[in-house]
Undergrad: 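One structure follows; several queries about it will come next.
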Amino acid sequence: QVQLVESGGGLVQAGGSLRLSCAASGRTFSSYTMGWFRQAPGKEREFVVGISWFGGRTYYADSVKGRFTISRDNAKNTMYLQMNSLKPEDTAVYYCAAAYQLSVALLTTSRCDYWGQGTQVTVSS
């Protein structure tokens, strides 16, 4: 079982930056692909980026390529999302998620086994 807790959300102006954190705990998170999803008001939850705990392979949604960077610190059991050049359309609740032994290229909402509680990111114009 994996438990996930997000933090770092807040309110920023367009063009600004935020860094989200996802603290993981449990017995088998090394067997889980990790990722970030987001859900904006009135929209479906969408994939942002995925990362493998071992190997460091990543996969980004086209909407955030070049602006967001995912990373991890296995010693701290923590995953990060550095968000730069934020746009109003990035406004959403951001969720940390885990999927058991899944390719990062196949990470979808329905395939994730565990979710954090979400952290709000609001970007003003």
Side-chain angles (χ1 to χ4, degrees):
Q1 184 175 356
V2 176
Q3 294 175 309
L4 307 171
V5 179
E6 305 99 329
S7 62
L11 174 64
V12 297
Q13 295 186 43
S17 298
L18 282 174
R19 189 193 193 200
L20 306 184
S21 298
C22 174
S25 63
R27 296 177 62 83
T28 61
F29 61 72
S30 62
S31 299
Y32 287 81
T33 299
M34 305 292 295
W36 291 95
F37 293 75
R38 66 187 183 186
Q39 187 165 17
K43 297 183 179 180
E44 296 182 351
R45 190 169 299 184
E46 67 174 354
F47 169 79
V48 178
V49 60
I51 187 170
S52 58
W53 279 107
F54 294 99
R57 189 170 185 174
T58 61
Y59 185 78
Y60 292 84
D62 289 341
S63 60
V64 304
K65 286 181 179 178
R67 300 189 298 120
F68 291 11
T69 303
I70 192 170
S71 62
R72 69 182 188 274
D73 185 338
N74 287 342
K76 297 180 178 179
N77 295 337
T78 302
M79 179 178 65
Y80 305 95
L81 182 64
Q82 179 66 46
M83 305 185 295
N84 298 325
S85 301
L86 283 162
K87 305 174 181 179
E89 49 263 47
D90 294 318
T91 295
V93 177
Y94 283 71
Y95 296 91
C96 177
Y100 184 70
Q101 296 186 345
L102 188 70
S103 170
V104 294
L106 300 176
L107 194 62
T108 65
T109 300
S110 62
R111 289 169 174 166
C112 290
D113 301 297
Y114 299 99
W115 295 89
Q117 83 288 349
T119 185
Q120 177 70 48
V121 172
T122 302
V123 184
S124 62
S125 60

Undergrad: Taking S125 for its side chain and P88 for its backbone only, find out whether a donor-acceptor pair lies under 3.5 Å.
TA: no

Undergrad: How about K43: does its NZ atom have over 12 heavy atoms from other parts shown lying under 6.0 Å from it?
TA: no

Undergrad: Answer with yes or no whether the hydrophobic clustering places V49 together with V2; edges join I, L, V, M, F, W, Y residues whose side-chain heavy atoms lie under 4.5 Å apart.
TA: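 Yes, it is one cluster - the side chains of V49 and V2 are joined through contacts under 4.5 Å.
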
Undergrad: Can you tell me if OH on Y59 sees more than 12 non-hydrogen neighbours from other groups inside 6.0 Å?
TA: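 Count not over threshold, so no.
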
Undergrad: Please tell me whether V104 and L106 are part of a single hydrophobic cluster in this structure, the criterion being side-chain heavy atoms less than 4.5 Å apart.
TA: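 Cluster IDs for V104 and L106 match.
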
Undergrad: Which heavy-atom pair separates A23 from T78 by the least distance, and what is that distance?
TA: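 What the structure gives for the nearest pair is CA-OG1, 4.3 Å.
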
Undergrad: Report yes if the side chains of E6 and L20 come closer than 4.5 Å at any heavy-atom pair, otherwise no.
TA: no

Undergrad: Spell out, yes or no, whether F47 and Y94 are grouped together once hydrophobic residues are joined by side-chain heavy atoms under 4.5 Å, including indirect joins.
TA: no

Undergrad: Are Y95 and L4 linked, directly or through other ILVMFWY residues, by side chains that come within less than 4.5 angstrom of each other?
TA: no

Undergrad: Do the side chains of W115 and T109 get nearer than 4.5 Å, heavy atoms only?
TA: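 They are in side-chain contact.
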
Undergrad: Calculate, to the nearest 0.5 Å, the distance between atoms CG and SG belonging to N77 and C22 respectively.
TA: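 Atom-to-atom, N77:CG and C22:SG are 10.5 Å apart.
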
Undergrad: In Å, rounded to the nearest 0.5 Å, how long is the span from CZ of R19 to CE of M83?
TA: 11.5 Å

Undergrad: Could you tell me which residues satisfy side-chain contact (heavy atoms from CB on, under 4.5 Å) with Q120, sequence neighbours excluded, listed by chain and number?
TA: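 Residues passing side-chain contact (heavy atoms from CB on, under 4.5 Å) with Q120: T91, V93, T122.
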
Undergrad: Supply the atom-to-atom distance I51 CD1 to M79 CE, rounded to the nearest 0.5 angstrom.
TA: 7.5 Å

Undergrad: To the closest 0.5 Å, what do you measure between SG (C96) and CD (Q3)?
TA: 12.0 Å

Undergrad: Identify whether L81 and V12 are in the same connected component of the hydrophobic contact network (ILVMFWY, side-chain heavy atoms under 4.5 Å).
TA: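 Linked, L81 and V12 end up in one cluster.
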
Undergrad: Starting from the C-alpha separation in whole Å, work towards a yes-or-no answer on side-chain contact (heavy atoms from CB on, under 4.5 Å) for Y60 and I70.
TA: CA-CA 9 Å; Y60 292 84; I70 192 170; 3.4 Å; yes

Undergrad: Measure the OG-CZ distance between S52 and R72 for me, rounded to the nearest 0.5 Å.
TA: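 Interatomic distance, S52 OG to R72 CZ, rounded to 0.5 Å: 5.5 Å.
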
Undergrad: Is the shortest side-chain heavy-atom distance between F68 and W36 below 4.5 Å?
TA: no

Undergrad: Quick one, Q82 and N84 - any side-chain contact, counting heavy atoms below 4.5 Å?
TA: yes

Undergrad: Output the distance between atom CD (Q101) and atom OG1 (T33), rounded to the nearest 0.5 Å.
TA: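 Between Q101 CD and T33 OG1, I get 8.0 Å after rounding to 0.5 Å.
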
Undergrad: Given side chains that start at C-beta, do those of L107 and F37 come closer than 4.5 Å, heavy atoms only?
TA: yes

Undergrad: With salt bridge (charged side-chain N to carboxylate O under 4.0 Å, His left out) as the rule and sequence neighbours excluded, what pairs involving residues 89-111 come up?
TA: R38-D90, R67-D90

Undergrad: Report the residues that fulfil salt bridge (Lys or Arg N to Asp or Glu O under 4.0 Å) with D73, sequence neighbours left out, ordered by chain and then residue number.
TA: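 If we apply the salt bridge (Lys or Arg N to Asp or Glu O under 4.0 Å) test to D73, skipping adjacent residues, there are no hits.
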
